[in-house]
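Scope of the values below: all heavy atoms of this structure, side chains included, with no hydrogens, waters or symmetry mates. In what follows, residues are counted from 1 in the order of the sequence shown. Counting starts at 1 for both ligands and their atoms, following the listed order.
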Amino acid sequence: MKLTKVSSKHLLLVLGMLSVMGVSWAAELPPREKFRRPADIPSPQSNPLTAEKIALGKTLFFDARLSRDKGMACATCHAPDKHWSDARILPLRADGIANARRTPTVLNSAWLAALMWDGRASSLENQAVLPITTAHEMNFDMAALVQRLHEIPGYQPLFQQAFGDSEITPTRVTQSLASFQRTLVSREAAFDRWVAGDDLAISEEAKQGMALFTGKANCVACHSSWRFTDDSFHDIGLKTADLGRGSKVPPEVTLMQYAFKTPSLRDLPINGPYMHDGSMHSLQQVIQHYVDGGIKRKSLSNEMKKFQLSETEVGYLVEFIKTLDGGPLAIEPPVMPE
Ligand code: HEC
Ligand code: HEC
């Protein structure tokens, strides 16, 4: 047969052309530039990234001595093997606490415009004080923490290298933690290879999903940019007693009541838990929520409208979201100073 003479290179070329043609017929895809990853990690002028600060921050992030009882580190709740979160519906020790919320990932936190589900922290530097000093979390205070770090001789050279002298201050602690977290960036996913021009990087089903995501399903109204978030707050109509952003602004700001920060859709754990309250456990369940349109109330986002989706289309959306997963970002755990 003639066909056997066709080289695999030719076959790939034909397949590639078919897929490109298939795409233009079947699915309206968004411009790739809208989702291109930035080349550099941003950092504030007051805290430029340096290798030494990153190394110190990494050590602090994994050190349980940052908590009063020495039993809890940042990494206890933001664990590398759990998508830099904790895989729990509500964090450790949060049981019985009103307004307790699921632990978000710290991946890509360098780009966060507002931090926490309700946006109550404005920078990674400011945020770091909160878990250290919150009673049901690390339950410590900054002065006592600085004192404790002073008593660990192994920390002195690390502060020396990062800041030019071995003085330990709350600001230096939070600047280092922030620097380390800025280096936690999602690995390149199949979707990024598509953005870069490789048409075969994602399946035909995923492309159909992308077309729904940016079309009929309207997900992109809030899950936009390369991180798939608009860094803004919306009430998506979940059953919740938590006002979210609403507790930080006057009640007249109607659209902020029950509003939470749009989470990124990169590197999602495939079975959740999802949402600020960890109330959902599959992407199908999440998508069904949007199809149903959420609880009707004054604060419900104008972008939340009922729509129809076939089971096959739900599958396409899920396939698309899976292409945003770059796989675990593993790191070498630090050696604890003594
Ligand atoms: C007991 C578990 C726990 C510990 C320990 C913990 N966190 Fe968190 N972290 C959370 C929870 C829960 C939230 C969300 C809280 C909210 O929005 O009200 C959060 C939010 C964050 C955010 C904001 C992410 C975003 O998308 O807005 C950052 C950054 C962060 N933590 C860093 C840290 C650092 C740094 C430490 C150590 C100093 C730390 N966390 C310790 C549970 C924890
Ligand atoms: C009106 C803005 C908006 C629209 C439209 C929207 N989302 Fe969301 N999405 C959010 C917000 C806000 C949250 C967090 C809500 C909360 O926890 O209270 C969220 C949460 C999620 C989560 C959970 C992520 C996590 O880490 O917990 C997934 C998955 C998700 N959305 C997917 C989608 C898909 C798929 C669509 C389209 C069918 C969509 N979203 C449409 C704003 C939106």
Exercise for the section: Indicate, as side chain, backbone, both or neither, the part of Ser301 found under 4.0 angstrom from ligand 2 when only non-hydrogen atoms are considered. Expected result: side chain
Fill in the blank from the handout: Apart from Tyr258 itself, members of its ILVMFWY cluster (side-chain separation under 4.5 Å) are Leu243
Pairs under 3.5 angstrom, nitrogen or oxygen on both sides, ligand 1 versus protein: list them out, please.
from, atom 1, to, atom 2, distance (Å)
ligand 1, 7 (N), His78, NE2, 3.0
ligand 1, 9 (N), His78, NE2, 3.1
ligand 1, 17 (O), Trp117, N, 2.8
ligand 1, 18 (O), Arg101, NH1, 3.2
ligand 1, 18 (O), Arg120, NH1, 2.9
ligand 1, 18 (O), Arg120, NH2, 3.3
ligand 1, 26 (O), Lys261, NZ, 3.0
ligand 1, 27 (O), Met116, N, 2.6
ligand 1, 27 (O), Lys261, NZ, 2.6
ligand 1, 31 (N), His78, NE2, 3.0
ligand 1, 31 (N), Gln127, NE2, 3.2
ligand 1, 40 (N), His78, NE2, 2.9

Completion exercise
The atoms of ligand 2 lying under 4.0 Å from a heavy atom of Leu268, numbered in the order shown, are 26 (O), 29 (C)
Practice task
Inspect the contact between Lys239 and Asp277 and indicate whether a charged nitrogen and a carboxylate oxygen are less than 4.0 angstrom apart.
Solution key: no
Practice task
Quick one: closest heavy-atom pair of Gln308 and Lys216, and the distance?
Solution key: O-NZ, 3.1 Å
Exercise for the section: Consider only side-chain N and O atoms of Gln147 and Glu151, and report whether a donor and an acceptor are under 3.5 Å apart. Expected result: yes
Problem - Distance filter under 4.0 Å to Cys222 heavy atoms, resulting ligand 2 atoms - result: 1 (C), 2 (C), 3 (C), 4 (C), 5 (C), 42 (C), 43 (C)
Practice task
Verify, without hydrogens or angle tests, whether Trp194 (side chain) and Lys207 (backbone) share a donor-acceptor contact under 3.5 angstrom.
Solution key: no
Handout entry: Evaluation steps, ring-ring contact (aromatic ring centres under 6.0 Å, His included), between Phe191 and Phe320
Key = CA-CA 8 Å; Phe191 175 74; Phe320 170 62; 5.7 Å; yes
Handout entry: Check: Phe35 ring centroid to Phe228 ring centroid under 6.0 Å
Key = yes
Problem - Heavy-atom neighbours of Lys298 NZ exceed 12 at 6.0 Å - result: no
Problem - Part of Tyr290 with heavy atoms under 4.0 Å of ligand 2, whether side chain, backbone, both or neither - result: side chain
Problem - Heavy-atom side-chain contact between Lys53 and Pro48 under 4.5 Å - result: yes
Practice task
Using distance alone, decide if ligand 2 has a nitrogen or oxygen within less than 3.5 Å of any nitrogen or oxygen in Met275.
Solution key: yes
Fill in the blank from the handout: Within 4.0 Å of some non-hydrogen atom of Ala217, the atoms of ligand 2 are 37 (C), 38 (C)
Exercise for the section: Could you tell me whether Arg32 and Asp198 make a salt bridge, using a distance below 4.0 angstrom between a side-chain N and a carboxylate O? Expected result: no
Exercise for the section: Could you tell me whether the side chain of Phe159 reaches within less than 4.5 Å of the side chain of Glu167, counting heavy atoms only? Expected result: no
Fill in the blank from the handout: Counting heavy atoms under 4.0 Å, the part of Leu238 that contacts ligand 2 is side chain
Practice task
Have a look at ligand 2 and work out which part of His223, if any, has a heavy atom under 4.0 Å from it: side chain, backbone, both or neither.
Solution key: side chain
Problem - Leu283: numbered ligand 2 atoms lying under 4.0 Å from its heavy atoms - result: 29 (C)
Fill in the blank from the handout: Numbered in order shown, the ligand 2 atoms found under 4.0 Å of a heavy atom of Val286 are 28 (C), 29 (C), 30 (C), 32 (C)
Practice task
Could you tell me whether Asp141 and Arg68 have a side-chain N and a carboxylate O separated by less than 4.0 Å?
Solution key: yes
Exercise for the section: Using a strict cut-off of 4.0 Å, indicate which atoms of ligand 2 neighbour a heavy atom of Asn218. Expected result: 5 (C)
Practice task
Using a 4.0 Å heavy-atom cut-off, say whether Leu265 meets ligand 2 through its side chain, its backbone, both or neither.
Solution key: side chain
